[in-house]
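Counting from 1, the numbers follow the sequence of the chain as shown.
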Amino acid sequence: MTPSASERWAAWVFGACLAAALPMYLLFGRHNWFFLDEWDFLASRSLTSVHDLLRPHTQHWSTLPIILYRLQYQVFGLRTYVPYLLATVVLHLAAALLLRVVMRRAGVRPWLATAGAAGFLFLGAGSQNIVWGFQVGFTGAVVGGLGQLILSDHEGGFDRRDGFALASGAAALMCSSVSLPFVGAVGLAVLVRRGWRMALVHTVPLAALFVAWYAGFGHSAFDTPLASPGRIRHYAAFGLVNVIRKIGYIDPVAALLGAVLVVGGALAIAGGRSSLRSSMLAWALLGGSIAFAVLTGLGRAAIGTDASHASRYVHVLGAMLAPAFAVGAEQICRRWHFAVVPLALLLVAGVPGNISVASDPARYGGTIFRGNPQFVESLAVSGTAAHVPQTLQPDRFLMTGVTIGWLRRARRDGKLPDPDRVDRRTEALVHLRLALAQVGRADTRRTCRTVHGPQDVRLRRNDVIRFSGPRLPVQLLASRKPAPPTTFLRSAGDTLVVAVAGAHLRFVPQPRSRLRICT
């Protein structure tokens, strides 16, 4: 069937939105660099180790992101962040395109589908999954889940499209646990469209695959105490309400979007089985959004409901809710044709505000993704680096798995550039992080003394410091003006071992915490 001029224009406009979004997000993420979780993929995993490829990162099966990072590291090293950023931006654009396909499959007219997909494309409140390269796992899971949903949406028995659908779902599983609600959504959509046998075909193999991974590798990561049902319920509700507010940007728009969802859903139900069946892809994803909010609440609700507002969750929930908003608008327009233009404008009303959020990292917590390239590069060129244990980890909290030996090899292999300049603060931070090795435990069978207030001490190599508070500020003292203090977090280890001779340090234990110095 030949598309009409209106359909072609709607598709071209969305294509123009995709073309504009790519350089926009690359521009917004241009200052980002390697940070926190990325170091696990870069320094602690190997392409030749099955265990490294399959062991979980936190509570996620991350095989495909690990492979991607390892390949990118081999080609680009740490010389540029652009390829790592480009991967997640492209996946976000792919997710937006697939969402428009879902909307069209669900019976949404072209311009409403363009507006609905554009609302997600420019969802700046979800920028954590767009401009932080590490979130390729979450965004990849969204793309894989949507791919399975679309490929499984056809009549008849099993054919090669279903094989590709299962492959897409398996790829999503190997990106992150975000994929699990998508598997459920696919099962629900296929159940309504094609019956229970095909629904089992699209869910049971993937469930068995995940269970096999969990039994063999993933179970060790799922030891977080579960929150109470009441906390989980509140967490899920707050998360769903929050994402609607983020999509709308201002509360009146968000309220209208909520009304479109409710009214459109009621009209779909009133339209009978055929109406629900034709738009089932969207309603299945809506059900998946509820499942996602509940699943994340199992481990996060104990932290508080604010945890549900994280930018990465806004992005995933935004993807799952976008088709339901578009279908709701379509249902209303079928009854009241004059509402097409107002509802299309409503679906994109939050875009200007969300673009402003994406352009300002402080508004979605994105400033932390800028890492500290000067510090990392300076570690590798420091003269002290050759004289400390090469297994020393300069920052066990922010640079998990990174040792000074790994950094020196990366510099020697041309994968880590030398710093352009080193300011005094960074130089002092490098010396301090190389002077103290933070570990989980150490031999303290020696003379120890307990102190409670600030202490200025000169320590020898292999002396041990243990602290009981959640954090310990430490300052490097010198003949010149002392450098600013650096904080060691107890969550990364409560023991510091002196790695250099003659370290002159000031320890500032927190009130009611204990500091033991063993020499």
Show the numbers, then the answer: is there a side chain to side chain contact (heavy atoms under 4.5 Å, CB included) between Leu515 and Arg466?
-> CA-CA 6 Å; Leu515 179 70; Arg466 298 194 66 180; over 6 Å; no
Begin with the C-alpha distance, continue with both residues' side-chain angles, and end with the deciding distance and a verdict on side chain to side chain donor-acceptor pair (under 3.5 Å) for Arg516 and Thr450.
-> CA-CA 4 Å; Arg516 288 175 60 82; Thr450 301; 3.3 Å; yes
Is the number of heavy atoms from other residues, nucleotides or ligands within 6.0 Å of CG (Asp413) greater than 12?
-> yes
Answer yes or no: are there more than 12 heavy-atom neighbours, outside Phe467 itself, under 6.0 Å from its atom CZ?
-> yes
May I ask you to decide if Gly29's main-chain N or O and Arg370's side chain share a donor-acceptor pair within less than 3.5 Å?
-> no
Does CZ in Arg55 sit with more than 12 non-hydrogen atoms of other residues, nucleotides or ligands closer than 6.0 Å?
-> yes
Any Arg411 side-chain heavy atom under 4.5 Å of Asp418 side chain | yes
Audit row: His92, Asn129, side chain to side chain donor-acceptor pair (under 3.5 Å) steps and yes/no = CA-CA 8 Å; His92 170 70; Asn129 283 6; over 6 Å; no
In Leu97, Val136, Leu91, Val90, the residue satisfying side chain to side chain contact (heavy atoms under 4.5 Å, CB included) with Val143 is Leu91
Taking all non-hydrogen atoms of both residues, which atom of Pro65 and which atom of Gly137 are closest, and how far apart?
-> CG-CA, 3.7 Å
Do side-chain atoms of Ser356 reach the backbone of Gly353 as a donor and acceptor pair under 3.5 angstrom?
-> yes
Taking every heavy atom of Leu379 against every heavy atom of Val430, the minimum-distance pair comes out as CD2-CG1, 4.0 Å
Do Gln438 side-chain atoms and Gly493 backbone N/O form a donor-acceptor pair below 3.5 Å?
-> yes
Any chance you could lay out the side chain to side chain contact (heavy atoms under 4.5 Å, CB included) test for Asn354 and Leu123, step after step, and finish with the verdict?
-> CA-CA 5 Å; Asn354 268 282; Leu123 184 58; 3.5 Å; yes
Distance (rounded to the nearest 0.5 Å) between Leu146 CG and Arg100 CZ = 15.0 Å
Closest contact, heavy atoms only, Thr88 versus Ile130 | CG2-O, 2.8 Å
Do the non-hydrogen side-chain atoms of Phe238 and Asn242 ever get within less than 4.5 Å of each other?
-> no
Tyr214: partners by ring pair (Phe, Tyr, Trp, His ring centres under 6.0 Å), with sequence neighbours left out = Phe222
Counting N and O atoms only, with roles assigned by atom type, does the side chain of Ser289 sit under 3.5 Å from a partner on the main chain of Leu317, one being a donor and the other an acceptor?
-> no
Find out whether Val178 and Val316 are in side-chain contact, i.e. whether some heavy atom of one side chain is under 4.5 Å from a heavy atom of the other.
-> yes
From His51 NE2 over to Leu53 CG, what is the distance, rounded to the nearest 0.5 angstrom?
-> 10.5 Å
Which pair of non-hydrogen atoms, one from Ser46 and one from Asp52, has the smallest distance, and what is that distance?
-> N-OD2, 3.1 Å
Hey, is the main chain of Ser127 close enough, under 3.5 Å, to the side chain of Ser311 for a donor-acceptor pair?
-> yes
State whether the number of non-hydrogen atoms from other residues, nucleotides or ligands found under 6.0 Å of Phe397 atom CZ is greater than 12.
-> no
Spatial distance of atom CG (Leu436) from atom NE2 (His431) [nearest 0.5 Å] = 13.0 Å
Under 3.5 Å, side chain of Arg461 to main-chain N/O of Ala499, donor-acceptor pair present?
-> yes
Kindly assign one of parallel, tilted or perpendicular to the pair Phe210 and Trp61, based on the angle between their ring planes and the thresholds 30° and 60°.
-> tilted
Whether Ser62 side chain and Ser176 backbone form a donor-acceptor pair below 3.5 Å = no
Is a donor on one side and an acceptor on the other found under 3.5 Å between the side chain of Ser513 and the backbone of Gln510?
-> yes
Does any N or O in the side chain of Asp463 come within less than 3.5 Å of the main-chain N or O of Arg460, such that one atom is a donor and the other an acceptor?
-> yes
Can you find a pair of side-chain heavy atoms, one from Cys518 and one from Ile465, that are under 4.5 Å apart?
-> no
Side-chain contact, heavy-atom cut-off 4.5 Å: Val102 with Leu98?
-> no
Side chain to side chain donor-acceptor pair (under 3.5 Å) contacts in which one or both residues fall within residues 382-396, not counting sequence neighbours | Gln390-Arg408
Any idea how Phe138 and His60 line up, ring-wise: parallel (<30°), tilted (30 to 60°), or perpendicular (>60°)?
-> perpendicular
Anything under 30° is parallel, anything over 60° is perpendicular, the rest tilted; go ahead and classify Tyr81 against Phe34.
-> perpendicular
Is it possible for you to check whether Arg425 lies under 6.0 Å from the centre of the six-membered ring of Phe375, through NZ or CZ, and within 45° of that ring's axis?
-> no
Residue pairs meeting side chain to side chain donor-acceptor pair (under 3.5 Å), one or both in residues 64-80, sequence neighbours left out, come to Glu38-Tyr69
For Phe35, look at atom CZ and say whether over 12 heavy atoms of other residues, nucleotides or ligands are found less than 6.0 Å away.
-> yes
Arg433 side, atom CZ; Leu476 side, atom CG - distance, nearest 0.5 Å = 12.5 Å
Test side chain to side chain contact (heavy atoms under 4.5 Å, CB included) applied to Gln128 and His315, step by step | CA-CA 8 Å; Gln128 186 178 32; His315 182 271; over 6 Å; no
State, without any angle test, whether Gln374 and Thr426 hold a side-chain donor-acceptor pair at a distance under 3.5 Å.
-> yes
Give, for atom CG of Asn372 and atom CD of Glu377, the distance between the pair rounded to the nearest 0.5 Å.
-> 9.5 Å
Can you check whether Gln59's main-chain N or O pairs, donor with acceptor, with Ser177's side chain at less than 3.5 Å?
-> yes
How far apart are the C-alpha atoms of Arg45 and His57, what are their side-chain angles, what is the distance that settles it, and do they pass the side chain to side chain contact (heavy atoms under 4.5 Å, CB included) test?
-> CA-CA 11 Å; Arg45 309 284 181 145; His57 178 86; 3.9 Å; yes
Got Met320 and Phe120 here, is their nearest side-chain heavy-atom distance under 4.5 Å?
-> no
Taking the side chain as every heavy atom from C-beta outward, state whether Trp132 and Asp37 have any pair of such atoms under 4.5 Å apart.
-> yes
If you round to the nearest 0.5 Å, how far is CG of Asp360 from CD1 of Ile355?
-> 14.0 Å
Is Pro419 close to Val381 at the side-chain level, that is, under 4.5 Å between some pair of heavy atoms?
-> yes
Between Ala319 and Val142, the two heavy atoms sitting closest are CB-CG1, 4.0 Å
If you take all heavy atoms of Ala21 and Phe122, which pair is closest and at what distance?
-> CB-CE2, 3.9 Å
